[in-house]
Amino acid sequence: MPADPAPAVDPAAAEHDAVEPSAADGPPADAAEGMSDASLPGPQGGLSAQDRRILALEGRTFRYVGAKERAIREELGISKVAYYVRLNSLLDEPAALRAAPSLIHRLRGRRTSEDGAPEGAGAAEGTHRVA
């Protein structure tokens with residue numbers, strides 16, 4: 001007996017089966033339990049998309065001189081002064097602490113150690129930082 005030919009596959013039906021669920025369907029029930037307030041969009045999370053991008057960029061390591069400033073301009077579309085002003089204000093926001101605790105603690109420690117230094121202590125050795 002000849003073998004049965006393979007069943008005809010409708011390309012549209014095959015494509016429909018391969019489509020992943022859309023974001024409009026919402027996350028699975030167990031995924032919602034693991035989400036923190038900081039990962040929620042809008043006012044529930046407390047951080048805007050721009051704030052999350054600032055924290056992500058600050059957590060990166062840059063190898064070359066000027067690479068970070070270029071990334072600030074190209075990826076965020078703001079000046080480096082505006083970036084550092086917003087980053088400094090994020091250090092005092094609880095939502096930022098929930099979103100990136102290790103980064104915020106590290107930056108707070110750096111800010112505190114520089115603020116607590118006596119005036120002129122670093123300037124004599126050439127280690128005084130302006131920015």
So, for Q50 and L76, which heavy atoms are closest and what is the spacing to 0.1 Å?
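Of all heavy-atom pairs spanning Q50 and L76, the closest is NE2-O, 3.5 Å.
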
List the atom of L47, the atom of A99, and the distance in Å for their closest heavy-atom pair.
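Minimum heavy-atom contact is CD1-CB, 3.6 Å.
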
Check: L55 and R52 side chains under 4.5 Å, non-hydrogen atoms
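No, side chains not in contact.
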
Would you call I54 and I72 a side-chain contact if the rule is heavy atoms closer than 4.5 Å?
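They are not in side-chain contact.
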
Name all pairs fulfilling the side chain to side chain donor-acceptor pair (under 3.5 Å) condition that reach into residues 99-108, sequence neighbours left out, sorted by first residue then second.
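As it turns out, there is no side chain to side chain donor-acceptor pair (under 3.5 Å) pair with a partner in residues 99-108 once direct neighbours are skipped.
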
Can you name the residues that form a salt bridge (charged side-chain N to carboxylate O under 4.0 Å, His left out) with [X], not counting sequence neighbours?
{"X": "R70", "value": "E74"}
{"X": "E93", "value": "R86"}
{"X": "R60", "value": "E75"}

Can you list the residues that meet the side-chain contact (heavy atoms from CB on, under 4.5 Å) rule with N88, with sequence neighbours excluded?
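side-chain contact (heavy atoms from CB on, under 4.5 Å) list for N88, sorted by chain: L91, R111.
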
Cluster companions of V81 among Ile, Leu, Val, Met, Phe, Trp, Tyr (side-chain spacing under 4.5 Å):
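For the cluster that includes V81, the remaining residues are V85.
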
Could you state the interatomic distance from CG (L103) to CG (L97), rounded to the nearest 0.5 Å?
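Here the interatomic distance stands at 10.0 Å.
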
Set of residues satisfying side-chain hydrogen bond (donor to acceptor under 3.5 Å, both in side chains) with respect to R73, sequence neighbours excluded
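Here no residue qualifies.
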
E58 and Y83: side chain donor to acceptor below 3.5 Å
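Distance-only check passes for E58 and Y83.
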
